[in-house]
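Before any comments, here is the structure.
What you see below is based on every heavy atom in this structure, not just the backbone, and it leaves out hydrogens, waters and symmetry mates. Per chain, numbering begins at 1; letters A, B, ... match sequence-line order.
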There are 2 protein chains.
Amino acid sequence: MTGPAGNLFDGLPRDAAEEQFIPLLQAAGFVLERIVSTGQASPPDHWYDQERAEWVALLRGSAGLQFEGEPEPRVLRPGDWVAIPAHARHRVAWTDPDQPTVWLALHHD
Amino acid sequence: MTGPAGNLFDGLPRDAAEEQFIPLLQAAGFVLERIVSTGQASPPDHWYDQERAEWVALLRGSAGLQFEGEPEPRVLRPGDWVAIPAHARHRVAWTDPDQPTVWLALHHD
C-alpha cells in the first residue's frame, strides 16, 4: 500500500569522475532527481540554458552557483534553494572538494 | 533573470501550537511545500487519506510515520523519504519533541 522509500544520503559516491544523477520520481510535468557532485564544476564558459524551470536545493556540502549577469557565484550551503526559470543561463562554478555535495532538483514545466 | 531563493531551515518556529505549512512552488500538477512540526502528531485514530500522491522527505528532526496495516510507525531520520500513493492511509504518530522537524513535501497528480 506504500510506494518506494529511501534516504537521500545513502550510497553517496566519493571521488567519482562524474556527477551522479538518480531519478527519484517522475510524473506529468516534472522530474525529481538527486544529484551528487564530488568537486565537479561546469566547464569554463559553459552555461546551462534549460527548456524547463528547475527548483534546486543543496542538502549537503557546498557549491557556487553563477547566473549570467551576476558578478560572483552565489555560495550555497545546506538548506539553500534557488528557483531557476527556464532559460536562465547559469553554471556551477565549483562544488565542495572535500565532501559529496547533495542536491535535490525538481525540473518542471 | 532568476527566481526566488531561500533556505529551508530559515525562520523555523519553536514550540508552535500548530504545524507550519509554507508553499515553496506551485505549478501544473504539483505543489511543493515546507512543513515544520514541533512535537505535533496526528490525532489518535486520525488517518490522512489524500486525493493526490505525496513524496515527502524529512530533512531535520525525526518523526514516526505510520501506514494503515503496518504494525509500527516507520522512524524517519534526516534524509529519509517516502513516496505515499494517493489514498494510502497514514498518520504522523509522533514528531521530535526537542527540536523542529522539517519536511519537504511534494503533492502531485
Considering only heavy atoms and a distance below 4.5 Å, find which of A:Ala83, A:Pro4, A:Ala28, A:Gly6 pairs most often with chain B. A:Gly6

For a quick test of reading the model, state the closest non-hydrogen atom pair linking A:Gly3 to B:Pro85 and the distance between them. N-CD, 3.5 Å

Starting from A:Ile35, can I reach A:Trp94 by hopping between I/L/V/M/F/W/Y residues whose side chains sit under 4.5 Å apart? no

Grouping I, L, V, M, F, W and Y whenever their side-chain heavy atoms are under 4.5 Å apart, do A:Phe30 and B:Val31 come out in a common cluster? no

Which distance, rounded to the nearest 0.5 Å, do you find between the CD of B:Glu54 and the CG of A:Leu25? 11.5 Å

In this structure, would B:Trp55 and B:Phe67 fall into the same cluster of hydrophobic residues linked by side-chain contacts under 4.5 Å? no

With only heavy atoms counted, which part of A:Arg74 is less than 4.5 Å from chain B, the side chain, the backbone, both or neither? side chain

May I ask whether B:Leu104 and A:Val36 are part of the same hydrophobic cluster, defined by side-chain heavy atoms of I, L, V, M, F, W, Y residues being less than 4.5 angstrom apart, directly or through others? yes

When you measure from the side chain of A:Asp80 to the backbone N and O of B:Ala5, does any donor-acceptor pair fall under 3.5 Å? no

Okay, B:Leu58 and chain A: the region with an atom under 4.5 Å from a heavy atom over there is neither

Measuring from B:Leu32:CG to A:His108:NE2, what's the distance to the nearest 0.5 Å? 9.0 Å

Which bit of A:Leu106 comes within less than 4.5 Å of chain B, counting heavy atoms only: side chain, backbone, both or neither? side chain

Within-4.5 Å side-chain heavy-atom neighbours: A:Trp81 and B:Leu8: yes

With a sphere of 6.0 Å drawn around CG of A:Asp15, does it hold more than 12 non-hydrogen atoms of other residues, nucleotides or ligands? no

Contacting region of A:Leu76 [heavy-atom separation from chain B under 4.5 Å]: neither

Would you compute the distance between atom CG of B:Asn7 and atom CZ of A:Arg77 and round it to the nearest 0.5 angstrom? 11.5 Å

Any link between B:Phe21 and B:Val82 through a network of hydrophobic side chains (Ile, Leu, Val, Met, Phe, Trp, Tyr) touching at under 4.5 Å? yes

